[in-house]
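Since the structure comes first, as structure tokens, the remarks are kept for the end.
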Amino acid sequence: MPAAIEAIARYIDHLEDRAWIEQLVEGHGVPQVLRGISELVVDGAPGPAHNALTLARDLGMRGIVDPDMTSRVRAEMPALLFPSLQRGLQATAYSVRAGVVYTIGKLSFDDQAQLLRDAFEQFLDRDPLLLPRIVFELHWLLPGPEWSYIRRLTEAPHRLIRWSALAAIEPYPCGPGDDALAQKQQTYERLATDPFEPLAAESRHRLAALLRGTEADGSPQLVKPGLTFEAVELRFTNRLPPAADYTIEELDAFVVSLMPRSRDE
């Protein structure tokens, strides 16, 4: 294994160590470091890939290394890194795909938003855990919110894809009278009558919270439904091995196992 790649694969030992990062780049050169990051991402082994993606973010986002170095690295990223990030979106490990989506968003190259647009189309019928992450990062890359992504999630045939719309829209900040608040209200109202009860229950809860405010303004505290998309995601991914993928059928079966059984069952 070339020295640069070996060092990048162990970046966790030098996390945000400015002197170590700058020595790595100056010693091997920007192109070689970016090629090393790319190789580890494409290889797809979760540990080294996550270290490589973390280093890419630390190099490409201002505030950790010398600003001039960040500028030099960013100038090379479109040619030397993003093609590999595009391939990384096809990783067999869910955790690697999620890390790639996060990295594309955080590097903030607006002209690379198409990578996430394409990923949304590819995963629309099969990856309900990744879709909210894609929509969230697109929010930062696009000039303004594209609510069509949320609407398409709510109209999906599979109940888990529809449920993922709640996670996708939740991070959007909103205030009285603005478009985001209206979009959230419409989304919650649309899903509050969904035939899948856990989704409908969470939608009704979110709608009530949106309309009634919080305890701070005198409204009574709202009790969360027993099962939420966020809770499902947390419990499922905590038990998913780092190198593993999942199918929507497996996730659906996991959700069913968490749902309370009726007395007649």
Original post:
Does the side chain of Val135 come within less than 4.5 Å of His139's, by heavy atoms?
Top reply: no
Donor-acceptor contacts, no H, no angles, side chain residues 225-235, under 3.5 Å, sequence neighbours left out:
from	atom 1	to	atom 2	distance (Å)
Thr228	OG1	Ala231	N	3.1
Glu233	OE2	Arg133	NH2	3.4

Original post:
Quick one: does Val41's side chain get under 4.5 Å of Arg87's, heavy atoms only?
Top reply: no
Original post:
Does some side-chain heavy atom of Phe254 sit less than 4.5 Å from a side-chain heavy atom of Leu240?
Top reply: no
Original post:
Going by the salt bridge (charged side-chain N to carboxylate O under 4.0 Å, His left out) test, which pairs reach into residues 32-53, not counting sequence neighbours?
Top reply: none
Original post:
Any side-chain heavy atom of Leu40 sitting closer than 4.5 Å to one from Asn51?
Top reply: no
Original post:
Should the heavy atoms of other residues, nucleotides or ligands under 6.0 Å from CZ of Arg18 be counted, would the total exceed 12?
Top reply: yes
Original post:
Going through the distances and angles, do Trp147 and Ile169 end up as a side chain to side chain contact (heavy atoms under 4.5 Å, CB included)?
Top reply: CA-CA 9 Å; Trp147 301 111; Ile169 200 171; 4.1 Å; yes
**OP:** Could you state whether Val65 and Leu24 fall into the same hydrophobic cluster, counting links through intermediate Ile, Leu, Val, Met, Phe, Trp or Tyr residues with side-chain heavy atoms under 4.5 angstrom apart?
**Re:** yes
Original post:
Side-chain contact, heavy-atom cut-off 4.5 Å: His158 with Asp252?
Top reply: yes
Subject >> Sub-4.5 Å side-chain heavy-atom contact between Leu207 and Thr187 >> reply: no
**OP:** Taking ring-ring contact (aromatic ring centres under 6.0 Å, His included) as the test, write out the residues that go with Tyr11, two or more places apart.
**Re:** Trp20
**OP:** Give, for atom CG of Leu15 and atom CG of Asp58, the distance between the pair rounded to the nearest 0.5 Å.
**Re:** 6.0 Å
**OP:** Can you see which heavy atom on Ala75 is nearest to which on Pro78, and at what distance?
**Re:** O-CD, 3.8 Å
Original post:
Can Val100 be reached from Tyr102 by stepping across I, L, V, M, F, W or Y side chains whose heavy atoms are under 4.5 Å apart?
Top reply: no
**OP:** Drop me the distance from Leu199's CG to Thr193's OG1, to the nearest 0.5 angstrom.
**Re:** 9.0 Å
Original post:
Ile104 and Val73: same hydrophobic cluster, using ILVMFWY side-chain contacts below 4.5 Å?
Top reply: yes
Original post:
Going through the checks in order, is the side chain to side chain contact (heavy atoms under 4.5 Å, CB included) test met by Leu53 and Arg57?
Top reply: CA-CA 6 Å; Leu53 291 168; Arg57 296 192 298 269; 3.8 Å; yes
Original post:
Looking at side-chain heavy atoms only, is the closest gap between Pro176 and Leu181 below 4.5 Å?
Top reply: no
Subject >> CA sep, side-chain torsions, deciding dist, call: Ile21, Ile64, side chain to side chain contact (heavy atoms under 4.5 Å, CB included) >> reply: CA-CA 9 Å; Ile21 299 171; Ile64 294 180; 4.1 Å; yes
Original post:
Got a sec, which residues hit ring-ring contact (aromatic ring centres under 6.0 Å, His included) with Phe109, two or more places apart in sequence or on another chain?
Top reply: Phe82
Original post:
Do you reckon Leu142 sits in the same ILVMFWY cluster as Leu89, going by side-chain contacts under 4.5 Å, direct or chained?
Top reply: yes
**OP:** Could you tell me whether the side chain of Pro128 reaches within less than 4.5 Å of the side chain of Leu251, counting heavy atoms only?
**Re:** yes
**OP:** State whether Glu170 and Arg206 are salt-bridged, where the test is any N-O pair (Lys NZ or Arg NE/NH1/NH2 against Asp/Glu carboxylate O) under 4.0 Å.
**Re:** yes
Original post:
What pairs of residues pass the salt bridge (charged side-chain N to carboxylate O under 4.0 Å, His left out) test when at least one of them lies in residues 136-148, not counting sequence neighbours?
Top reply: Lys106-Glu137, Arg117-Glu146
Original post:
Would you call Arg204 and Glu197 a salt bridge, using N to O less than 4.0 angstrom?
Top reply: yes
**OP:** Begin from the C-alpha positions of Arg62 and Ser71 and carry the test side-chain hydrogen bond (donor to acceptor under 3.5 Å, both in side chains) through to its verdict.
**Re:** CA-CA 9 Å; Arg62 302 192 183 279; Ser71 296; 3.2 Å; yes
Subject >> Whether Gln32 side chain and Gly29 backbone form a donor-acceptor pair below 3.5 Å >> reply: no
Subject >> Counterpart residues, side chain to side chain donor-acceptor pair (under 3.5 Å), relative to Glu189 (two or more places apart) >> reply: Gln185
